[in-house]
Amino acid sequence: MRMLALHLAVLAGVAALQFVLPAYHHTNAARILVLATYAIGFNIAFGYTGLLSLGHALFFAGGMYATGLLVDQGGWQPWAALLAGPAAGGVLAAGVGLLALRTAGPAFMIVTLMFAQAFHLAILYWGRFTGGDEGFTLSGAARRLGPFDLADPATRYGAAFLLFAAAMLGCLALVRSRTGRVLIAVRENEERTRMLGYDPFRAKLLALVLSGLLSGAAGATYGLMFGYVGGSFAAIQYSILPLIWVLLGGAGTVLGPLLGTALLFYLIDWASSVTTASQFVVGAVLILLVLFAPRGLLGLLRERGLRSLP
Amino acid sequence: MSLLEARGLVRHFGGLRAIDGVDFDLSAGEIHALIGPNGAGKSTLVGLLSGRIPAQAGTIRFDGRDITRLPAHVRVGCGIAYAFQITSVFPRLTTFDNVALAVQRTGARDLAAATGAALARVGLAGEAGQLAGTLSYGHQRLLEIAMGLALAPRLLILDEPTQGLATGEIESFMALVRSLVPEVTVLLIEHNMEVVMDLAQRITVLNAGRVLARGTPSAIQADRAVQAAYLGG
Amino acid sequence: MNRETILHPTRRSLLAGGAAALTAATLPRFVQAQSSEPIRLGFQLHRTGIGAAYGRWYERTALAALKVVNEAGGIAGRPVEILFEDDATDPRRGAEGVEKLASQAKVDMIFGPLFSHVVIAAAPRAAELKIPYLVCSEGYHVASGKLNRWTLQPGITDVRAQVTAMAPWVTQNLGKKVTMIFPDYAFGHDHRDFFTEAVAAQGGEVVAQIAIPPTETSFTRYFPRIPRDTEVLYHVMVGPAVLTFVKELGEFYGSGAKPEIFGFIDSLEAVDIANPGLQFLEGSHFWEGQCRMLQPDASEAETFYRDAVGVDANGAAIEDPKNVSCYGHMFSVWETLFAIKQGMEACSWRGPQDRQAFVEAVEAFTEMPAGRERPQGAKVFNPKLHQVFGHQFISKLEGGKLVKVHETSLEDGIYPSDVDYLATSF
Amino acid sequence: MDFGPFLLLAVMEGLVGAAVLALTASGLSLVFGVLRVVNVAHGEFFMLGAVAAWFVSQWVPGPPALAFAVALVACPLLVAGLAALADRLVLKRLAYEPEATIIATIGLLYILQQAALTLYGPEARPVPPPFEARLQLPWFGWSGYKLFVIGAAGAVLAGLWLLLARSRIGLVMRATQIDRETATAFGIDVDRVYAGTFALGAALAAIAAVLIVPIQQAHYLMGGDPLLLSFIVVVIGGLGSLRGTLVAALLIGVSDGVISTFFEPTLAKILATLLVALVLVFRPQGLFGARA
C-alpha cells in the first residue's frame with residue numbers, strides 16, 4: 001500500500017510539474033517521460049527477467065517507423081497509426097524472441113544486436129521509403145489525434161504523461177502480479193523456475209514481447225510528438241541508452257528508469273553548458289555514480305533500507 | 001496401483017553409462033527410497049523421471065500417461081515435484097515469494113492464505129518476510145520442501161533432504177514426510193540409512209547405472225549383493 | 001529529476017563581440033533601452049560527433065563574421081551575440097538544442113547546422129516554436145519541400161543544384177561514361193539520383209552506381225565493380241575514411257590506365273591535400289563550393305574573408321598550416337550571418353515579435369550581389385524554395401595545389417520544382 | 001573484372017580485416033575470459049593506439065620505418081599503462097561486477113573519446129606506412145603493406161599463444177580464469193593478474209591499431225566498429241576460447257568480403273549480419289565453446 005502511494009505521488013508530482021516548468025524544461029520533461037517509457041520497457045526484459053538485449057533500438061525504431069510510415073505514406077489516421085507502433089514493437093519482439101531466446105547471456109546480446117543492426121542497415125538501404133539516415137518529418141495533420149494536436153506543448157506533455165503513467169502503473173502491476181513473480185524467478189534461477197512447473201521460454205518471450213510493446217509505443221509516440229522519424233533512432237546508440245538509463249536508476253525497480261533517464265538527460269545538458277569538453281564530465285560522473293551506487297540509485301536505496309521497493 | 005512406470009531407461013554421458021537400462025516402478029501412496037553408492041546414477045535417474053535430463057531410450061509412464069517426451073515444467077503440471085539436492089531456493093526473494101511461486105502454479109485463489117498455510121506446514125510461517133538467502137541452512141532445506149509440497153504434487157521427489165540437518169531437525173522432517181502419505185507418493189534419495197530404513201516402505205538399490213536390488217527395508221538389509229556392493233562397503 | 005538544474009540553469013558562456021563574457025541566462029534582465037540590447041543568435045554546432053571536423057571551422061567562421069558585424073556597428077546599431085549549442089551531430093540532440101536556444105536562452109533566431117539529419121529533425125521544432133531556422137547545409141532538404149516556412153537556406157546552394165550545374169562540364173570535358181561511388185545513405189542517394197539525371201540530360205550515361213555501406217573502412221573490394229569502359233569516376237565519400245579510399249584507389253590502378261576522376265571536396269574537407277597518401281589524386285578534378293586555395297583572380301571580398309577567418313593561401317589555419325579548413329562549405333556560415341543582418345534590418349527588427357516579419361523579409365530577397373557579405377560570390381534567392389543558388393567551382397589538383405578551371409553560371413544549377421513555401425502557413 | 005580475380009581480391013582484403021580483427025578481438029577475449037567482464041571501452045583503446053601512433057609519427061624524426069617501429073612498441077605500452085590504471089582505480093573497486101563494469105567502461109569510453117577530441121582533434125589524420133610497396137597482379141594492384149599487416153598480426157598472435165600456453169604468466173592467467181579462489185589459495189596475486197590481463201587486452205587492441213593506421217587514418221570515433229566486431233567475434237568463437245576467436249575472426253573477415261562480391265554492398269552487410277545472428281541461434285555456445 002505504502003509503495004502504491006509512493007508511486008502515485010511520483011506520478012502526481014510529474015503531472016504537477018508541467019504547471020511550474022519553464023518552456024524548455026517543460027519540453028524536456030515530455031521527452032524524458034517518453035524515453036523513460038522506453039526505459040521501463042527495457043527494464044521489464046533486463047531488470048526483471050534478466051534478458052540483457054543490445055537490440056532494443058529495433059523495437060523503439062520499429063514502432064516509430066511503423067507509425068511514421070503508415071501516417072505519412074500509408075494514409076492511415078494518426079490514431080490508428082499510433083496503435084500500430086506498439087503492435088509493431090510487440091510483433092518484432094516476438095519474432096526476435098522466438099529465435100534469440102534459444103540463446104542466453106552474451107550470445108543473446110549479440111543475436112539481438114545483430115537483428116537491430118540489420119534493421120538499421122535496412123532503413124538506410126531502403127532510403128526511398130524510409131528517408132534513410134535523414135529520415136522524414138511528419139506534417140501537422142499527421143500529428144493531430146482527433147481534437148488533440150501533439151504540436152501543442154500542453155497536449156504533448158499530457159500525451160507523454162499518459163503514456164508514461166500507463167507504462168509505469170502497468171509495470172508496477174506486472175511486477176507485483178503472479179506473472180511478475182515468475183519473471184523475477186526466471187531472472188534469479190531459470191532452472192529452478194522450470195522445476196516449479198513454469199516454462200522459462202514462455203516467460204521470457206512474454207517479457208520480451210511486453211518490453212517490445214512498450215518500446216514500440218515509446219518510439220511511435222516520440223515520432224508523432226516531435227514530428228520526426230529518422231534512422232539514427234535505430235542505431236546501436238539507442239540500444240545502449242536504455243541500458244545506461246536503467247542501470248543508473250536501478251535495474252529491476254519501477255521508478256529507476258525514470259530516474260536514470262532524467263539524470264542522464266540533465267547530466268548531458270548540464271555538462272554541455274559548463275564546458276565544451278562535456279563528454280569528459282559525463283564520463284567522469286558515470287564512473288563516480290557507479291562507484292557510489294553499483295546497483296543504481298534506487299538499487300542503493302533498496303540496499304539501504306527500502307527493501308520492499310518494487 | 002502403480003503411479004509411475006519406467007521401462008528400459010538409458011542415459012549415457014559420453015562414455016559414462018550413468019543409467020543403463022533401468023526399470024523402475026512406484027506404487028501410489030508409498031514412500032520409496034533410492035539408494036546406492038556415489039556415482040550409482042541416483043541423481044541421473046530422478047533427473048530422467050522429473051524431466052531435467054532427457055532420456056536416450058526407454059519410456060516413462062506416469063498415472064497411465066506416457067510422459068517420456070514431456071519437458072520438465074509440463075511434468076510438474078502432471079504432478080511430479082522435485083526438491084533439489086543442493087538447496088536451490090531463490091536467495092534474493094523472500095521466503096513468502098519462494099513458496100508463492102509454487103502455490104500460484106496450482107492456481108490457488110487466495111495466494112496469501114495458501115502460501116501462509118504451506119509455510120506453516122513446515123514451520124516457517126514466522127520467516128515469511130525474510131530473504132530466503134538469509135535463512136539458516138536447515139530452514140532453507142525446509143523451504144525447499146515447502147516449495148515442493150506447495151505444488152500439491154502426486155509424486156514428490158526429495159533429493160538428499162536430510163543432508164546437513166541437525167538430529168532434531170531430522171526427526172521433525174521424518175514426521176513431516178510420514179504425514180504426507182498416502183495422498184502424496186514420496187521418492188527419496190538418501191544417504192542416511194537410519195532415515196531410509198525408518199521411513200521407506202520399499203527400497204531400490206542402484207549400482208553402476210543398473211538396478212541391483214529392490215524390496216522392503218528388511219529384505220534389502222538381508223540382500224547379500226547389496227551388502228557386498230554397498231552396505232558392507 | 002534534477003531540481004537544481006531546472007530551477008537554476010547553470011551559467012553558460014556567451015560570446016559578445018568576439019570576447020567571451022559570462023552571464024546568467026534567466027536572470028531578470030536589466031531594463032534597458034531596446035535599441036542597445038544585444039541581438040542574440042543561437043548557433044547549432046556540431047562540436048562533437050561525426051560532424052566535429054566541420055563544427056570546429058563553422059564556429060571559427062561564425063566568430064569571425066560576428067566580429068566583422070559588430071565592428072561595423074552590429075545589426076541596426078545593436079550589438080550581436082552568438083550562443084553556441086552542441087548537438088553532437090545527432091538528430092535528437094539537435095532538436096533539443098533548438099528548444100534550449102529558443103526557450104531557455106531566448107535567442108532571436110537560430111542558424112548554423114550542416115548535417116542533413118540534424119536539420120530535418122530540428123526543423124519541425126523550430127516551426128513549432130515559430131523561430132527562424134537558417135541552415136548552412138548543402139543537403140537537398142529545404143528546397144525539396146520537406147521542411148517548413150521557418151526554415152531557410154540563404155547561405156549555400158543545395159546538392160541538387162550543385163550536381164546539376166556540374167554535369168555539363170564533366171560530360172563535355174572528362175567523359176560521358178560515368179561510374180559513381182557514393183555512400184549508401186540519403187546524401188549519397190541525392191548525388192546518385194540528381195547527377196544521374198543531369199548526366200543523362202547531357203547525353204552521357206552513368207554506367208555503374210556503387211553504393212558504399214556506411215561505416216565501411218576499406219574499399220578495395222568494391223573497385224572491381226568499376227566497369228572497364230568507365231571514362232569518369234565520380235566519388236563522394238563523406239567521412240573519415242576518405243584517405244583510405246583514395247590510397248586504395250591508387251594502389252588498385254597503380255600507374256596503369258585509369259579513368260578521369262571527379263570528386264566532391266566534401267570528402268577532403270579538413271584534410272591536407274598534400275598528404276602523402278593523396279598523390280593519386282594529382283590531375284583529378286574537384287567540385288568546390290569555394291576555392292580552398294587562394295586563386296590569382298580572387299576578389300577583394302574573398303581575401304578579406306580569408307584574412308578575417310584566419311585562413312592562409314593554402315586553406316589552412318594561419319597559426320597552424322596542418323590545420324586545414326572546410327573552406328568549400330564554411331562560407332555559408334559567414335554569408336548566413338550577413339543574410340540575417342540584411343533580413344533583420346529589412347524588417348526593422350525590434351525583437352522576437354518580428355520573427356515572422358523577418359522570414360517575410362528574407363522571402364523578399366532575390367538578387368544577392370557579391371561583396372564582403374558574400375565572399376563566395378553572387379547568388380540568387382528563390383523565395384518559393386527558401387533556397388539560394390550560387391556559382392560552383394571546379395578545380396584541378398596540380399602539383400599539390402587546387403587550381404580553379406571552371407566556374408558555373410547561376411543558371412547552370414537551376415532545376416524545375418513546384419515547391420512553394422510561400423503558399424504554406426507560418 | 002572477371003569473377004575469379006574479383007573473389008581473390010575479396011579474400012585478400014578479408015584477410016587483412018581478419019588479421020587486425022583477430023588481434024583486437026583476442027584482447028577482448030582475454031579480458032572476457034579472465035575477468036568475466038565486457039570492456040565497452042576496448043574500442044577506445046584501439047583508437048588511442050592509432051592516435052598515439054600519429055603523435056609518434058610527428059615527433060620521431062627520420063624515416064617512417066623508424067617512427068613506425070617506435071610506435072609499435074611505445075603505443076601499446078602507453079595504452080596498457082592507461083588500462084592498468086583504469087583497472088586499479090575503477091574496475092577493482094567495483095569488484096568486476098558485470099553490470100557496474102558496463103557503466104564504468106562506458107564512462108571510460110566517453111572520457112577517452114573526449115580526450116582524443118580535445119588533444120588530437122576531430123580530423124582524420126594519416127600515418128605514413130613504414131615502407132611503400134605495391135604488388136601488381138595481372139588483374140589489379142594491391143598494397144604491399146597490407147601483406148605485412150597480415151604477417152605482423154600473425155606473428156603477434158603466435159607470440160600471444162606462446163605466452164599463454166608456454167609461459168608461467170599464461171599458466172597463472174589460466175589458473176585465475178578457471179577458479180579465482182583456488183588461484184588465491186595457491187598464492188597467486190589475483191589483483192595483479194586482473195590488472196595485467198586488462199592491460200594486455202588493451203595493448204593487443206593498440207597493436208592492431210598501430211598496424212592498421214597506415215591504411216586507415218586515426219580518428220577519434222574509430223573505436224566503435226572494432227569494439228562491435230570484436231565482441232561478435234569473441235561470442236561467435238565461443239567464450240574463453242582463443243582458438244575460437246581466431247577462427248571466427250577469419251570467418252567473419254573473409255565471409256564479409258566474399259558475400260559482398262555477390263550482392264549489393266549494403267544488402268551484403270545486412271545478410272552477413274543476419275548470418276551471424278543465425279549462427280548463434282543454432283549454435284548458442286559459439287563455434288568452439290563448450291555446451292553449458
Side-chain angles (χ1 to χ4, degrees), chain A residues 1-4 46-50 101-102 104 172-207 250-254 256 294-296 298-310, chain B residues 46-47 49-53 70-94 96-112 114-115 129-134 143-144 146-153 156-157 159:
Chain A
M1 250 315 100
R2 229 180 72 215
M3 283 301 147
L4 183 64
F46 170 62
Y48 287 106
T49 319
L101 285 174
R102 294 171 54 99
L172 185 64
L174 174 71
V175 303
R176 292 168 76 97
S177 74
R178 297 181 178 198
T179 311
R181 190 177 282 121
V182 176
L183 299 186
I184 294 171
V186 168
R187 175 190 75 193
E188 294 291 315
N189 186 340
E190 188 172 325
E191 200 41 43
R192 186 69 184 96
T193 312
R194 182 194 300 282
M195 295 316 292
L196 287 173
Y198 300 98
D199 183 355
F201 184 85
R202 260 181 62 188
K204 289 192 284 188
L205 190 61
L206 173 74
T253 62
V254 174
R295 294 186 183 281
L298 289 186
L300 186 76
L301 208 60
R302 202 188 254 169
E303 280 167 3
R304 297 276 166 89
L306 258 182
R307 238 188 45 210
S308 52
L309 197 70
Chain B
V46 293
L49 299 182
S50 64
R52 297 182 69 205
I53 304 170
L70 294 183
H73 56 270
V74 179
R75 295 193 200 185
V76 175
C78 297
I80 302 179
Y82 179 91
F84 277 70
Q85 177 176 19
I86 302 155
T87 36
S88 175
V89 296
F90 299 99
R92 298 203 297 170
L93 303 188
T94 60
F96 176 91
D97 279 334
N98 268 278
V99 174
L101 271 167
V103 173
Q104 70 184 42
R105 181 66 180 80
T106 63
R109 280 274 178 83
D110 188 344
L111 191 60
T115 305
Q130 270 205 52
L131 289 187
T134 63
L143 176 58
E144 182 76 49
M147 289 162 74
L149 280 181
L151 288 167
L156 177 62
I157 303 174
D159 202 346

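What you see below is based on every heavy atom in this structure, not just the backbone, and it leaves out hydrogens, waters and symmetry mates. So that the names make sense, note that chain A is the first sequence line, chain B the second, and so on, each numbered from 1.
Considering only heavy-atom pairs separated by less than 4.5 Å from chain A, the leading option among B/Arg105, B/Arg92, B/His73, B/Arg75 is B/His73. Interface summary for chain A: among B/Pro153, B/Ala100, B/Gly148, the most heavy-atom pairs under 4.5 angstrom belong to B/Ala100.
Between A/Asn189 and B/Phe84, every side-chain heavy-atom pair lies at or beyond the 4.5 Å cut-off. You'll find the side chain of A/Leu196 reaches within 4.5 Å of the side chain of B/Leu151, heavy atoms only.
Annotation: the span from B/Phe96 atom CZ to A/Arg181 atom CZ amounts to 5.5 Å, rounded to 0.5 Å.
A distance-only check finds a donor-acceptor pair linking the side chain of B/Gln104 to the backbone of A/Arg178 [under 3.5 Å].
Both the backbone and the side chain of B/Leu111 come within less than 4.5 Å of a heavy atom of chain A. Only the side chain of A/Arg187 comes within less than 4.5 Å of a heavy atom of chain B; its backbone N, CA, C and O stay farther away. Heavy atoms of B/Tyr82 lying under 4.5 Å from chain A belong to its backbone as well as its side chain. Interface remark: B/Leu101 contributes backbone and side-chain atoms alike to the contact with chain A (heavy atom separation under 4.5 Å).
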I would like to know whether B/Glu144 and A/Arg192 meet side chain to side chain contact (heavy atoms under 4.5 Å, CB included); could you show each step before the answer? CA-CA 11 Å; B/Glu144 182 76 49; A/Arg192 186 69 184 96; 2.5 Å; yes
